Each structure stands twice: as structure tokens, then as C-alpha cells.
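A short write-up of the structure that comes next.
A, B, ... follow the sequence lines: proteins, then strands. Residue 1 opens every chain. These numbers were taken from a predicted model, which means no experiment stands behind them.
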Amino acid sequence: MHIDCDAFYAAVEELDRPELRDVPMAVGKGVLTTCNYHARKFGCRSGMAGFVAMKLCPQLICLPLNFDKYNAKAKEVRTILATYDPRFESASIDEAYLNITEYCNEHHMDPEEAVSQLRAEVHEKTKITVSAGIAANAKLAKIASNRNKPNGQYRIASDRTTIMEFMRNLPTRKVNGVGRVFERELDAIGIKTCGNIYTHRAYLSKLFGEKAFQFLMQCYLGLGRTKIQPAEEYERKSVGTESTFRELSGKTELREKLRHIAEELEKDLERTQHKGRTLVLKVKLHTFEVLTRQSSPPKAVHLSEDLYKYALPMLTKLEKEIPNMKLRLMGLRVTHIVSIKKGGIDFFGLKSRAAPSRSGTPVPKSESGANSDDGEWEVWPEAEFEEAARQEREDEMNELEALSQEHQQLQEQEENGASLKAPLDRQARKPPSPKIEENLNEKEELWNCPICSLPQPADDKIFNSHIDFCLSRQTIKDVVKSTSSPTPTMQLIPRPQSSSNSMPAKRKRGRPRNDGVALEPQAAKRKPFFS
DNA sequence: GCGGATCAG
DNA sequence: ATGGCTGATCCGC
């Protein structure tokens, strides 16, 4: 199950100040972190800029954050969760995953009962209302907990039919790894819901990569992680700090800033008891373009002097690359970290459950069980997948068959022409003004469509529209239908190769774009989502 | 391994 | 057109 406290910060604040109960209230100042029910009626939302919220709701009361208070309350809640699953997994201050299988068995309760009781108990003892989702895996449970919010619960039965039905109409954005960008890209090829995914399976891996393909298929099938473990057992991978400031330039100022950040990072490393073997410098230019540079010091570092010493060359190099560099953010991070935990060395991965050891203290984890297990993803019998496939085929048999064949052809063709790649020397863009670079392509140039390989006008909007068209089902159907004719068959080229540097390698540079068309074919391979 | 980019909370 | 911060992961090179 997944559990999510309702408007956590706001709820905690209300406990201290009952007079806020019936009035629009929000926590956070510049930006709302949470807001209560009354504020929401005015359209206030967490994550919203404070001034926008005030505009919507002038009588809104904004309170400053008080993390000590929230942490204390979170601890109360967790104490109760532990009695239902001692190995529950905190997902954030106000969210957790529990495996209540054992609890249900031992207490002879069905999941709904148990969760109902848990929620009642939390409410009674902490005065916090929570919403919960009950399902066969973490992904589904998380989605389900949002279904009856606030102060409600929702169960997705664990049989395949129910799960498939649930996913069928579920907007892709509801799934945890799908953000704004991916949602739009999926939408552009006609995928709005998880149920839509299967139909497009033939080219998903080509468009988004193998990982994303696997992820999407798991979305379609409603599969997800089933292993729930204490957050402390996840190994930290990096420690870093960064800060935004008003525009900054000048050698001295930048070095002062770097020095300061190095000192901050040293504190964090001290707190978490880590050293790092790789150092990453991050800057955001006044244009909002973000750059990172990394280096590997001769030894693992954690003292600010060393952090500064080894970061400085990267900064000076950037200064050379970018004349007149103006920054609005600087950050430093170490990766490939090693624990320098003193005392209490647990050679055998034994963990002292005693102290609620805050961050740090990553348990050496029972050995490099890297491969071990990994019930990362719930594994379903091949037969179930096949059954799903069969049912789907009943609906659109012809089309899918055709698609499948087409896909094979594409694969073959692609292998033939797979060697074209635009080197696109990065040095070519010396004056780092992505905007300008983009606008330079208006010449007589043409971009090749990655789908049909036909040259298209070198214009973002037109090109993207064309891609959308090329990827639309109708178009594919047409192509398939006329597949025996001499009509140009589809041909998939790995990357719209542009002989010159006409094709912007990273069009995402500069300000985020807002034109409705979002599909970026060449930037297509990437995908978040946790293992 | 490096650098860019997305996502979550 | 929402802001900033921290951390993780993916992808192409």
C-alpha cells in the first residue's frame, strides 16, 4: 500500500493554530508548499508561486516553513506505520509504502479493513488525515492513493482483468516516471492513456529507447516494484549543494562564490560522513542555460580547501570557453562517494537499528547484491502477456499485424543506413547563444524526417508537425495499406543527420520552449524512472 | 566517463 | 511562463 498525508504541512500548522482551520491558508512564502482545502477552493495549489496564489485569493494566509515541527509530526505517524510493517519505506516526509501482507494474514483482516484501521489510528493519535492506495505493487498503490484524496482510500484488486481495466483509461501523466515532457511526447504520437501504449509498441523503443520501452510496457500492464524496504537501505550516490543568486560575473566574485559553496558542501559531507572521488561543477548562465563540468581529483575529497582547489580549474576553463560569463547559479557536487563513517563499523552489514539514524549511514547493504534478486519489477508469467496481446489483437488484428511487419522492415532498413551521424562539433557553437544558433538555420536547408526520411523545411514548428503527422496512426495505416505499391516505404534513420550544423543538437537550450509542439525526435532517447 | 536533460518531492 | 534545491537516472558520445 501507499500512504500519503493530506496537505501535510498545512495540516500540521492547523493543529497548532485552530483559527486557521476555516480560512484559506498555505505554507511556504515565495512558493506554496502546501495549502488547505479552503485555499484550494480559490485555485491555490502547492507548487504555485506565492504572488499568484495571493492574486487568486487575497485573504490567503501564508505561513513560513517549520521543518522541525513537520519532522516531529512525521515521526509520530511513522511510529504507527511501523506497527503495520516494520520495514515500511519512507518515500518522503509525508509519504510511505507499506507491505501489509503479513499484517493482514496475522490479524485475519482484508487489506481494506487493515488500511481503514491504520488511517483511523493515525488520525486518532496524530490528528493527521491520510489517503491510501492498496494494490499489487508500488506503482499502482501510489496512483491509487490519489484516487480518493483527501482522507480516503482506494483499492485496485490484484487480478489481471481489474489491473488492465484500471490502466486502460489512466492518463500517462499519472504514472510516477512520466513528467510534462514525456507526457507531451507520448501525446504527440497519440498516446494519452496507458491503455494506448500497446497499440504503438512497434516503434516506442526506437523513439524513446529500450529502457523507456520496457517502462511503458510495464505501465500498460500495470506492473511495478513489489520490494519495499526502509529508505535507509538505499545507498546514497552523491552529495551536492547549489544556490541561485542575482547575476554574478567577474573573476573575483565567482571565486568567492565557489569558495563559499565549497564550504557549504564540506558541511554536508561532514554531516553525511562522505568523501567524493568525482567533483561536479554546475553553473547556470544568465541565459538560463545549465552547464556541468566534472573532474576526478587524485584522491577522495571532502574538505572545502580541496573541493575549491579541484573545482577552480573547471571554473576557469568555463570562463575561457564563455567570454563574459554571467552566472545566476553555481553548484558543487561529489559523486562516486565513499563513506567515512567513524566508529560503529559494521563489517558484516549489520545495522544498529537503535538510533533513527538520520541521513547518512548507508548500510553497506548486504554485499553487492547488485544482481541478487531484484524483484525490482514484478514478473508476470509470459502467458499473461500473451493473453493481453491476444485480446488486443482481436480488436485491431489487421492493423497490428501490418504494423508488426512494417516494424521488421524498418529494422532491416535501419541497419543498412545506421552509420550516418552528425558529428556536430560542439566547439562550433563558441558564442553560446542557443537562441541565435537556432535562428541561423533559415537558409535553404532541409532536415530529413527520421520516420519517412523525406527532406522537410528546416523549421522547428513545421518539422515537428511533420513528425507528428508521420507518427499518426492514420499515416501508418496508409503506408501499410499501400505497402505493395512503389510508394516510398518508411525508413528509419537514427538521427536526422544534418550535414552541416543546421540541425540543432540540443534545441532544449536556452529558455524552455512553450510552443505546443513538443516532440523532439532527436532528443528522444532519454527517460527517467527509477530502477 | 562526460555532459545534457528529465523527473520527483 | 510558476521557483529553487537535492538527488537519481537515462541517453548519446
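Ion pairing between Glu263(A) and Arg259(A) fails under the 4.0 Å rule for side-chain N and carboxylate O. Using a 4.0 Å cut-off between charged nitrogen and carboxylate oxygen, Arg271(A) and Asp268(A) count as a salt-bridge pair. The residues Glu264(A) and Lys267(A) are annotated as salt-bridged, a charged nitrogen and a carboxylate oxygen being separated by less than 4.0 angstrom.
In this entry the distance linking CZ of Arg333(A) with P of dG7(C) reads 5 Å, nearest Å. dG7(C) atom C1' lies 15 Å from atom CG of Leu332(A), rounded to whole Å. In this structure, CD1 of Ile322(A) is placed 12 Å from P of dG3(B), rounded to the nearest angstrom. Look at CD on Glu89(A): it is 16 Å from P on dA8(B), rounded to the nearest Å. Atom CZ in Phe208(A) sits roughly 22 Å away from atom P in dT9(C) (whole-Å rounding). In this entry the distance linking OH of Tyr234(A) with C1' of dA8(B) reads 14 Å, nearest Å. Atom CD in Glu235(A) sits roughly 10 Å away from atom P in dA8(C) (whole-Å rounding). Atom CG of Leu32(A) is separated from atom C1' of dG9(B) by 15 Å (rounded to the nearest Å).
Taking 4.0 angstrom as the limit, Thr241(A) places a side-chain polar atom (N or O) nearer than this to OP1 or OP2 of dT6(C). Arg173(A) has no side-chain polar atom (N or O) that falls below the 4.0 Å cut-off from OP1 or OP2 of dC7(B). The phosphate of dG7(C) (OP1 or OP2) has no side-chain N or O of Ser238(A) nearer than 4.0 angstrom. Residue Thr244(A) places at least one side-chain N or O under 4.0 Å from the OP1 or OP2 atom of dC5(C).
Distances from the side chain of Val181(A) to the nucleotides dC10(C), dG1(B), dT6(B) place dT6(B) closest. Of the candidate nucleotides dA8(C), dG9(B), dC10(C), dA8(C) has the atom nearest to the side chain of Arg236(A). Residue Phe182(A) has its side chain nearest to dC7(B) when only dC7(B), dG3(B), dC11(C) are considered.
Between Lys282(A) and Arg180(A), it is Arg180(A) whose nearest contact on DNA chain C lies nearer the 5' terminus. Mapping Lys237(A) and Ser46(A) onto DNA chain C by nearest heavy atom places Ser46(A) at the nucleotide closer to the 5' end. In terms of position along DNA chain B, the nucleotide closest to Ser296(A) lies nearer the 5' end than the nucleotide closest to the other residue of the pair Glu95(A) and Ser296(A).
If you check every strand for non-hydrogen atoms under 4.0 Å, Lys284(A) touches nothing. If you check every strand for non-hydrogen atoms under 4.0 Å, Val31(A) touches a base. Contact annotation for Leu329(A): backbone-only contact, meaning every heavy-atom pair under 4.0 Å involves sugar-phosphate atoms and none involves a base. If you check every strand for non-hydrogen atoms under 4.0 Å, Arg328(A) touches sugar and phosphate atoms only. Using a 4.0 Å heavy-atom criterion, one finds that Val239(A) contacts the sugar-phosphate atoms exclusively.
Nearest approach of Arg333(A) to Ser238(A), heavy atoms of both residues: NH1-OG, 2.8 Å. For His302(A) against Glu266(A), the heavy-atom pair with the smallest separation is O-CG, 3.3 Å.
Here NZ of Lys282(A) is found 10.5 Å from CD1 of Ile261(A). Values are rounded to the nearest 0.5 Å.
Taking the P atom of each, dG4(B) and dG3(C) are spaced 22 Å apart, rounded to whole Å. Taking atom P on both dG3(B) and dG4(C), the two are 25 Å apart, rounded to the nearest angstrom.
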